[in-house]
2 protein chains.
Amino acid sequence: MSSAAEDTESQDLRAVDGRVPGRRGIATRQRLLQCTSDLLETTSYRDLKVVDIAREAGTSPATFYQYFPDAESALLALADRLVGEGGERLVRPLKAANWHGQNAYLACEAVADAFLEFWADHSALMAVIDLAALEGDQRFRDCRIQLLNMFTVAATEVLTRQREAGFAAAEVDPEATAVVLVSMLSHVAAHQAGIAQSGVPIGQLRDAMARVMYNSPLGKTDRFATTI
Amino acid sequence: MSSAAEDTESQDLRAVDGRVPGRRGIATRQRLLQCTSDLLETTSYRDLKVVDIAREAGTSPATFYQYFPDAESALLALADRLVGEGGERLVRPLKAANWHGQNAYLACEAVADAFLEFWADHSALMAVIDLAALEGDQRFRDCRIQLLNMFTVAATEVLTRQREAGFAAAEVDPEATAVVLVSMLSHVAAHQAGIAQSGVPIGQLRDAMARVMYNSPLGKTDRFATTI
DNA sequence: AATTGTTCTGACGGGTCGTCAGATAGTAGG
DNA sequence: CCTACTATCTGACGACCCGTCAGAACAATT
């Protein structure tokens with residue numbers, strides 16, 4: 001399942017004119033992707049020009065257009081590659097944990113860390129995904145949904161179990177709660193640099209995230225547990 | 001204090017060449033702003049062309065540039081006008097509430113509603129602010145911070161009091177918690193349309209937001225309150 | 001080395017941007 | 001009503017970026 005990205009890379013690849021590229025073509029495409037990724041570290045998404053990517057890759061703009069219809073498509077290709085890894089990384093601490101008693105808080109900390117670290121590791125690309133999705137680009141919107149969907153589904157399941165076990169009120173809507181928590185996690189993770197810059201240490205942020213999760217119906221594994 | 005925006009409008013206004021515009025000039029500027037706002041309802045932020053705004057206003061692009069250095073600046077002028085109203089609307093339910101006992105949950109509902117409604121009322125412009133801020137534009141970033149700052153400060157105060165009253169653990173960091181909650185509120189509010197479209201009713205969303213707030217240290221006004 | 005298929009690129013038409021000199025509209029004084 | 005002056009508007013322009021295409025350069029195969 002996690003090789004889906006790989007398969008897409010080697011199977012479906014077509015140059016713009018419909019031909020299947022050979023060894024050299026694939027290498028060029030790869031080089032263009034790498035240069036796009038590199039440039040993204042120093043250039044803002046909107047200032048990313050095809051001509052710059054091409055120059056960085058030591059080739060001409062026309063070559064770029066042979067492999068991608070536009071600059072965004074190259075970014076999308078990079079983003080797609082991230083979805084597999086990301087979905088996995090985010091959902092792991094949720095699934096690995098056993099949501100009983102005190103373990104729940106540890107799980108919440110692990111989840112907060114996973115979000116913060118994943119966004120920190122891929123801040124530039126994640127910013128592009130968030131941005132393009134917000135801007136209404138359906139391709140990036142799907143990408144973002146797919147990335148978060150695995151987590152949201154898993155969180156919904158945990159919440160449903162908590163509710164069935166009587167740890168949360170019957171009116172709690174598991175899916176809505178999961179969406180709200182995912183919003184919190186992804187938004188804080190995406191803005192961690194800015195938040196830190198305005199004086200809140202990342203450590204405190206992580207604790208606050210974990211606490212909010214733990215105190216929500218997600219973390220409650222005891223009918224009379226108190227807020228921490 | 002709330003007339004600050006008005007003052008700015010009538011005092012500081014300068015045409016691009018440094019002159020102070022007269023009656024007619026101010027009217028033209030106003031018309032351009034209104035057309036920008038109108039076009040924003042039907043056009044995506046990035047597709048907003050100066051030439052379109054000018055045509056809509058029945059004037060020429062060159063006229064536009066006499067009043068704004070670029071299209072973003074017109075949007076910023078609209079955004080600034082929203083900050084006064086927005087800050088006020090968001091913080092009111094937080095300050096109006098007395099955070100004692102059961103009232104706290106009602107306050108949380110009111111806060112959730114305020115965020116959802118404010119973003120719904122100004123979805124297009126708020127999307128632009130979020131977008132431009134995310135994109136790194138410092139002017140919009142400041143604008144967004146100013147909009148949310150009043151609320152964040154007020155929430156930090158409430159949290160500090162709750163902690164001093166012994167309703168939250170000593171390790172709870174009021175500011176970090178406030179930031180996390182504001183992230184949740186603003187992100188959910190900004191994406192409410194998309195979330196609703198994917199099948200979660202706004203009502204459920206509101207309840208989930210209120211519950212997450214209420215269960216966080218913000219809502220706890222009783223040492224042994226249980227999760228709802 | 002000739003042939004065939006693949007990959008690359010210089011040069012171009014089309015479009016948007018922001019500027020500026022000059023046209024136009026408004027106004028005060030005679 | 002005319003003149004002179006100021007405020008406002010605009011047509012036309014150069015600069016820039018985008019994506020395309022015909023043909024050059026390259027690689028592989030015989």
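Residue numbering restarts at 1 for every chain, and letters A, B, ... go by the order of the sequence lines. Bear in mind the structure is a predicted one, so any value in this text is a computation, not a measurement.
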A:E72/A:R46 salt bridge by N-O under 4.0 Å criterion: yes
State which residues pass side chain to side chain donor-acceptor pair (under 3.5 Å) with A:E85; sequence neighbours excluded, sorted by chain then number. A:R89, A:H122
Atom-to-atom span, CG of B:D70 to C1' of C:dC17 - whole angstrom: 11 Å
Nearest-Å distance, CD1 (B:I53) to C1' (C:dT16)? 14 Å
In whole angstrom, what separates B:R55's CZ from D:dC9's P? 18 Å
Nearest-angstrom distance from the residue atom OH of A:Y65 to P of D:dA22: 18 Å
Rounded to the Å, how far apart are B:R29 CZ and D:dA7 C1'? 17 Å
d(CG, A:D52; P, D:dG19) in whole Å: 13 Å
Tell me which pairs pass ring pair (Phe, Tyr, Trp, His ring centres under 6.0 Å) where either residue lies in residues 139-159 of chain A, with sequence neighbours left out. A:F115-A:F151
Can you check the A:K49 NZ to D:dG19 P distance for me, whole Å? 11 Å
What protein N or O atoms touch nucleotides 8-15 of chain C N or O atoms at under 3.5 angstrom, if any, and at what distances?
from: C:dC8; atom 1: OP1; to: A:T28; atom 2: OG1; distance (Å): 2.6
from: C:dC8; atom 1: OP2; to: A:Y67; atom 2: OH; distance (Å): 2.9
from: C:dT9; atom 1: OP2; to: A:T59; atom 2: OG1; distance (Å): 2.3
from: C:dT9; atom 1: OP2; to: A:S60; atom 2: N; distance (Å): 3.1
from: C:dT9; atom 1: OP2; to: A:T63; atom 2: OG1; distance (Å): 3.2

What residue pairs, at least two apart or across chains, pass salt bridge (charged side-chain N to carboxylate O under 4.0 Å, His left out) with a residue in residues 48-68 of chain B? B:D52-B:R55
Got a sec, which residues hit side chain to side chain donor-acceptor pair (under 3.5 Å) with B:E175, two or more places apart in sequence or on another chain? none
In whole angstroms, how far is the C1' atom of D:dC17 from the CG atom of A:L48? 14 Å
Please table the atom pairs, donor to acceptor, closer than 3.5 Å between any side-chain atom in residues 187-195 of chain A and protein atoms at least two apart or in another chain.
from: A:H187; atom 1: ND1; to: B:S183; atom 2: OG; distance (Å): 3.4
from: A:H191; atom 1: ND1; to: A:H187; atom 2: O; distance (Å): 3.0
from: A:Q192; atom 1: NE2; to: A:L116; atom 2: O; distance (Å): 2.8
from: A:Q192; atom 1: NE2; to: A:A189; atom 2: O; distance (Å): 3.0

